[in-house]
Peer 1: 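First the structure, then my questions, so here it is.
This is a predicted model, so every value here is computed, not measured. All ligand and atom numbering here is 1-based and tracks the order in the structure. Note: hydrogens, waters and symmetry copies are ignored here, and every other heavy atom, side chains too, is used.
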Amino acid sequence: AGAFLGGDRVSGQDIRDQNGVVYFPTLSAESTNPLTLVIAAQSIANIVKSSLGPLGLDKMLVDNIGEVTISNDGATILSLLSVEHPAGRIFVDLAQKQDKEVGDGTTSVVIIAAELLRRANELVKAKIHPTTIITGYRLACREAVKFLQDQLSIKVDSLGRDALINVAKTTMSSKILANDDDLFAPMAVDAMQAVRTINLRGDIKYPVKAVNVLKAHGRSARESLFVQGYALNCTVASQAMKKRIVGAKIACLDINLQKTRMQLGVQILVDDPNQLEEIRKREAEITLERIRKILAAGANVVLTTKGIDDLCLKEFVEAGAMAVRRCRKEDLRRIAKATGGQLISSMANLNGDETFEPSYLGTADEVVQERISDDELILVKGTKVVSSASIVLRGANDYMLDEMERALHDTLSVIKRTLESGAVVPGGGAVESALSIYLENFATTLGSREQLAIAEFASALLSIPKQLAVNAAKDSTELVARLRSYHNAAQKSPHGDPKKAFLRYGLDLLNGEVRDNVAAGVLEPTMGKVKSLKSAYEAAIALLRIDDAIQCVPEQQ
Ligand code: ADP
């Protein structure tokens with residue numbers, strides 16, 4: 001088990017051509033050998049591993065129409081690759097699942113899974129049956145999760161708001177927001193705390209979707225800001241309208257309120273010019289009738305994704321209502337959800353008449369148009385069902401803004417997980433090192449064949465601290481050995497011994513040292529770590545179970 005302490009092993013076969021283009025073997029008659037599964041998985045991990053950690057590098061991805069994406073996020077990178085090999089695709093899915101469920105740890109999960117698979121493959125070559133390996137891995141994963149939750153996890157309330165900010169900073173550390181984390185970390189924490197909601201069952205929820213992220217070109221990232229309420233990058237349709245409505249009843253429409261025109265191709269023969277005028281009048285009236293129905297239902301704020309006829313604006317002004325056109329559909333969908341209303345795409349009911357029920361309306365304390373550093377924004381405040389918050393991001397160009405948005409989204413998700421589970425673990429390879437020592441010891445207590453698999457599981461986890469050190473241009477072998485010696489001492493000492501604190505030790509990547517990462521504020525949500533361990537294990541054994549890959553004959557026409 002201690003065999004790991006060698007130098008950097010080259011893991012798997014790197015299949016790149018001279019130009020560095022990664023090549024995936026496609027599944028063909030020659031590649032039905034399960035070994036190609038391992039190679040495919042390995043090459044996926046090789047692509048993302050240099051981006052792990054705060055000092056990891058970014059990838060530039062260019063698609064076939066020349067669109068460029070620059071990212072450091074494992075899930076984003078992998079989702080843009082065109083991966084043909086089925087095993088590779090399982091790994092891409094793995095990263096996406098992690099991104100969806102936790103928001104972070106996408107690179108780590110792929111690296112661990114690939115390493116588990118590679119080591120399993122070595123065991124298979126040494127004539128250990130895959131079933132034994134699977135049992136061993138399962139045991140190891142279960143024990144690891146138990147140890148992680150019982151010994152390594154720390155309650156957030158004992159660390160306070162700082163813990164949340166530190167969790168946010170740790171996630172941001174490898175991303176574009178890292179330089180301004182003193183601004184963005186508290187902002188993200190505020191936003192998540194602002195959307196705290198208690199659902200019908202009495203559970204406290206922190207919906208990430210209730211935080212609206214707006215992107216605005218120009219100015220520096222430091223001028224990004226947090227606003228209470230759901231912000232829309234729109235203005236009221238007419239200057240004569242009210243700019244503030246208290247006790248808002250909001251209609252969210254996906255209906256065009258422009259003058260209805262007769263469908264193209266409809267021909268009407270008229271023999272009197274007055275009739276033509278009649279038709280025109282009627283066309284305008286249809287829209288007016290719709291607007292009156294909406295206002296009669298009690299709406300005082302009308303938001304639509306489409307247009308509103310200028311001639312109809314008077315109607316809103318006279319009713320003292322606010323109307324906003326050309327809103328984004330996604331925004332209206334979320335506002336409808338947050339205010340308890342519905343996004344209405346047609347006013348026709350089953351009888352073919354047009355109606356608008358008061359129950360379609362959402363409720364909010366206030367809707368107001370405000371000037372926020374140069375921009376006029378519509379803010380929906382005090383939404384009834386789910387509270388909302390918005391973050392206006394500023395950046396020089398689209399690439400930056402997109403990457404900022406992805407980083408912010410990851411951060412928000414991680415804060416959500418931390419708030420919901422209430423526990424954190426030290427980052428920087430602390431957990432992985434502690435678990436590797438624990439599992440090695442655990443393996444030796446077993447007198448069965450699974451021992452070997454558990455020891456390999458333990459070593460596989462070390463790929464994280466090792467890769468972190470490599471990416472920081474530090475001596476990974478020495479650093480990881482030192483880290484392990486601390487964790488060994490911590491686990492050998494009895495309760496109450498000051499050495500127990502070594503359990504919190506992880507890497508200090510800037511100085512190439514080992515330090516208490518709880519004190520240094522490198523924290524990650526416990527739930528994310530547990531999820532990534534479990535998913536890595538699941539992906540590895542899913543591939544391990546395969547002993548033959550068979551290409552199906554395409555159906556004969
Ligand atoms: P992932 O996509 O897996 O989240 P990241 O590139 O975000 O990958 O890197 C996360 C890893 O970097 C984690 O293992 C985390 O503990 C580590 N890490 C983050 N910040 C620091 C830091 N300041 N010092 C040491 N390790 C850090």
Peer 1: Mind checking whether V167 and P525 have side chains closer than 4.5 Å, heavy atoms only?
Peer 2: yes
Peer 1: Are the side chain of S459 and the backbone N or O of A455 linked by a donor-acceptor pair below 3.5 Å?
Peer 2: yes
Peer 1: Considering only NZ, NE, NH1 and NH2 on the basic side and carboxylate oxygens on the acidic side, decide whether R138 and E450 come within less than 4.0 Å.
Peer 2: no
Peer 1: Filter the ligand 1-protein atom pairs down to N or O on both sides and distance under 3.5 Å, then list them.
Peer 2:
{"from": "ligand 1", "atom 1": "2 (O)", "to": "T106", "atom 2": "N", "distance (Å)": "3.3"}
{"from": "ligand 1", "atom 1": "2 (O)", "to": "T106", "atom 2": "OG1", "distance (Å)": "3.2"}
{"from": "ligand 1", "atom 1": "2 (O)", "to": "T107", "atom 2": "N", "distance (Å)": "3.0"}
{"from": "ligand 1", "atom 1": "2 (O)", "to": "T107", "atom 2": "OG1", "distance (Å)": "2.8"}
{"from": "ligand 1", "atom 1": "3 (O)", "to": "T106", "atom 2": "N", "distance (Å)": "3.4"}
{"from": "ligand 1", "atom 1": "3 (O)", "to": "T107", "atom 2": "N", "distance (Å)": "3.2"}
{"from": "ligand 1", "atom 1": "3 (O)", "to": "S108", "atom 2": "N", "distance (Å)": "2.8"}
{"from": "ligand 1", "atom 1": "3 (O)", "to": "S108", "atom 2": "OG", "distance (Å)": "2.5"}
{"from": "ligand 1", "atom 1": "4 (O)", "to": "D104", "atom 2": "OD1", "distance (Å)": "2.7"}
{"from": "ligand 1", "atom 1": "4 (O)", "to": "D104", "atom 2": "OD2", "distance (Å)": "3.3"}
{"from": "ligand 1", "atom 1": "4 (O)", "to": "G105", "atom 2": "N", "distance (Å)": "2.8"}
{"from": "ligand 1", "atom 1": "6 (O)", "to": "S51", "atom 2": "O", "distance (Å)": "3.4"}
{"from": "ligand 1", "atom 1": "6 (O)", "to": "G53", "atom 2": "N", "distance (Å)": "2.9"}
{"from": "ligand 1", "atom 1": "6 (O)", "to": "S174", "atom 2": "OG", "distance (Å)": "3.3"}
{"from": "ligand 1", "atom 1": "7 (O)", "to": "S174", "atom 2": "OG", "distance (Å)": "2.8"}
{"from": "ligand 1", "atom 1": "9 (O)", "to": "G53", "atom 2": "N", "distance (Å)": "3.0"}
{"from": "ligand 1", "atom 1": "16 (O)", "to": "G428", "atom 2": "N", "distance (Å)": "2.6"}
{"from": "ligand 1", "atom 1": "16 (O)", "to": "E524", "atom 2": "OE1", "distance (Å)": "2.8"}
{"from": "ligand 1", "atom 1": "20 (N)", "to": "S173", "atom 2": "OG", "distance (Å)": "2.9"}

Peer 1: Report yes or no: does K337 contribute a side-chain atom to a donor-acceptor pair with the main-chain N or O of A210 at less than 3.5 Å?
Peer 2: no
Peer 1: Could you tell me whether the side chain of T170 and the main chain of L523 form a donor-acceptor pair under 3.5 Å?
Peer 2: yes
Peer 1: Quick one: do D104 and K175 make a salt bridge, cutoff under 4.0 Å?
Peer 2: yes
